[in-house]
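To start, the structure under review is shown below, and the notes come after it.
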Amino acid sequence: MAIINVGVREIHCKIVYYGPGMCGKTSNLQYIHSQVPREAKGDLLSIATETERTLFFDFLPLDLGKVRGFSTRFHLYTVPGQILYERTRVAVLNGADGVVFAAASFCDPALLDRPMLRAGAEAAGIPCIAFQFAENTGQFQQFREQAGTFADSIKLWGAGQ
Amino acid sequence: VSAETKDRSMILQKEMIAAHYRRLEEAPDSGEPVVYTFVPGNLTELIRSFDALPVLPEINALQSAMRGKSQSYIAAAERSGHSEDVCSYVKCDVGMLRSGNVSPTGTRLPKPDLLLLSYTGCFTFMKWFELLREEYRCPTVFLHVPYQADGRETPEQRAYVTKQIRENLIPELERITGKRYDEDRLRENLARSAAAEDDLVAVLQSARRTPSPIDAYFGAVYYVGPIFSAFRGTEEGGRYYAALREEVEERASRGAGPLTPSGPLDSQKYRLVVEGPPNWTHFRDFWRMFSDEGAVVVASTYTKVGGTYDSGFRHDPHDPLGSLADYCSGCYTNLSLPSRVEMLARYVEEYAADGFLIHSVKSCNSFSAGQLPILREVERRTGVPGAFIESDLVDARYFSPANLKTRLESYFQMIDARRAGAGA
């Protein structure tokens, strides 16, 4: 659940990128960090190993405007994808408001989990959506529309309804 | 296809497959245990020595595709949440399961008593069986078979796989079937396998002749069918290979070519080596794109995914578990890229090929990873022109007839131009 601090009128949301090693979770955060105006973002904190793979998590705070007078602060995290870091993943996932499951399109072992993940999310009343794009996808308008529709459906019917 | 355009061996094989599916349908009543396993590294002789019946999920998928059933199965799997991008064999199998688990020949498939993975070069296989285990809640044995990174199996790797067969698999087979491991029966099965493997190699190597009496890709996927699936080490398997060899030797003695969708291919303009699995949804249309142009395939790597017998490997009744370990390790897609290049270059030379073609399938990373460097290296070593075409195993959406035909036609023209240049 998002944390709402009424005193300072802030809503904190935690989004966690989850998925197998080398699927681009850290790259995704780095890209978002590079695109967001300086005043809206904090420093991108990465705890990486010597091989530059994520060891614990990446963390990116974002301020994305106001909702009914409350500032929204998004905390974007990644988890290490390597099998070894099971407990770290569970710890980072704890208290997440949203999860982005990322997998490369050639990575069958990860993608084949999709029906199970979706069924699990549906059983728990968590809305979910899938986006599919390739390296050479030039036009992203359809993804904006998909995301907008998804957001509208949550606003209209709410999660778990 | 009318009976006149089919070889006797094809008809025999069709009967064997139909009988096997009927027996599988009766398994819940007859009490015969059922082991699901995959073609690469399959331990059929051992499974059969416990009187258990093998089911090969990827064979079900390709057979479903050849009968035009794969697209609705894939759609069913995608409706259940599977991505468009994952292996179409898996989706075809999952969709078949969701649609009542009816086999390609229309019989019902039994549930597995054991899921046995004896090849770990394909992570998708591992995940596939995880999905089936979730569905059936049945025992699973996953062997770890090391990749042949250095191009050969080390004594340690051999001992490692043998140990897993002896200590993990055999006790589980004993528990599931209620039978004791009988090494004499296994030896008998392995002896029958070795004899059939001799026959198969003679058939495949008949393509060294000109004209070739076989098509070593489209035709040979039928030839390897029984030995790659449920029939290796069985008496009917032995009979099939003896009959097949006789049929091919008879054709060779007449100087005749193989039967193809364009009729008997006696006049052969292009001799090709092909790498990669075929497409199954348009199998005969695809074959016709070659046979209409007078192209015959003289050697292929796909026909080695269930064993590299022409490189000398034989199942050995004198060393039963050791030779099964060698078999698991030596499957084509468990070999390193340099070993694959070596094999392809050898084929181009031994079979006097005019060209070398890669058919890359979207589904199979085990095959596709590294195919472009393979193409360049084989071209460099042999000097014959290579070409690259793409489609998929059992998902018809990725089979584009017009593109493939154009690509192949220009490739054949290129071979013509090379010949004209060489003759000038």
Side-chain angles (χ1 to χ4, degrees), chain A residues 17-25 27-28 53 81-84 86 89 98-140 142-143 145-147 149-150 153 159, chain B residues 38 57-58 61 73-95 97-98 117 120-135 137 142 144 333 360-372 390 392-395 397-398:
Chain A
Y17 277 71
Y18 192 87
M22 301 296 283
C23 75
K25 301 181 291 293
S27 303
N28 214 307
R53 307 283 296 273
Q82 295 84 323
I83 292 163
L84 183 66
E86 175 73 38
R89 278 195 292 277
V99 173
V100 177
F101 178 77
S105 67
F106 53 78
C107 184
D108 283 11
L111 286 180
L112 285 167
D113 277 339
R114 212 174 84 171
M116 271 190 237
L117 289 169
R118 203 175 76 172
E122 279 170 3
I126 299 165
C128 56
I129 187 171
F131 300 105
Q132 190 172 357
F133 46 86
E135 279 173 326
N136 58 358
T137 303
Q139 176 56 265
F140 279 84
Q142 58 159 317
F143 300 110
E145 283 166 13
Q146 267 181 283
T149 311
F150 182 57
S153 74
Chain B
F38 291 110
E58 78 272 50
Y73 292 157
I74 289 171
E78 289 182 358
R79 276 197 302 277
S80 77
H82 277 299
S83 164
E84 200 181 291
D85 280 319
V86 300
C87 171
S88 55
Y89 272 172
V90 185
K91 284 188 287 187
C92 187
D93 190 49
V94 167
L97 181 65
R98 301 256 173 277
L117 185 80
T120 34
C122 171
F123 288 109
T124 304
F125 277 168
M126 230 184 296
K127 201 73 205 176
W128 189 343
F129 270 179
E130 278 184 25
L131 296 178
L132 292 189
R133 181 170 60 186
E134 193 73 13
E135 192 75 33
R137 308 273 168 194
F142 282 9
H144 178 223
T333 45
S360 186
V361 292
K362 177 179 161 58
S363 279
C364 188
N365 296 334
S366 296
F367 252 107
S368 309
Q371 276 179 333
L372 281 172
E390 288 176 277
D392 190 46
L393 297 167
V394 296
D395 191 338
R397 289 173 295 186
Y398 299 103

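Residue numbers begin at 1 in each chain, while the letters A, B, ... track the order of the sequences.
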Task: Choice from B:M126, B:K127, B:K91 maximising heavy atom contacts with chain A below 4.5 Å - done: B:K127
Open item on the list: Does any backbone or side-chain atom of B:E84 lie under 4.5 Å from a heavy atom of chain A? Answer side chain, backbone, both or neither.
Closed with: both
Task: Residue A:F133 excluded, over 12 heavy atoms near CZ under 6.0 Å - done: no
Open item on the list: Measuring from atom CG of A:D108 to atom OG of B:S83, what distance do you get when rounded to the nearest 0.5 angstrom?
Closed with: 8.5 Å
Task: Residue part contacting chain A, namely of B:V94, when any heavy atom lies under 4.5 Å - done: neither
Open item on the list: Are there over 12 heavy-atom neighbours, none belonging to B:Y398, within less than 6.0 Å of that residue's OH?
Closed with: yes
Task: Proximal component of B:S363, with respect to chain A [non-hydrogen, under 4.5 Å] - done: backbone
- [ ] May I ask you to name which of B:S80, B:G81, B:A77 has the most heavy-atom pairs under 4.5 Å with chain A?
- [x] B:G81
Task: Inter-residue atom distance B:H82.NE2 - A:M116.CE, 0.5 Å rounding - done: 8.0 Å
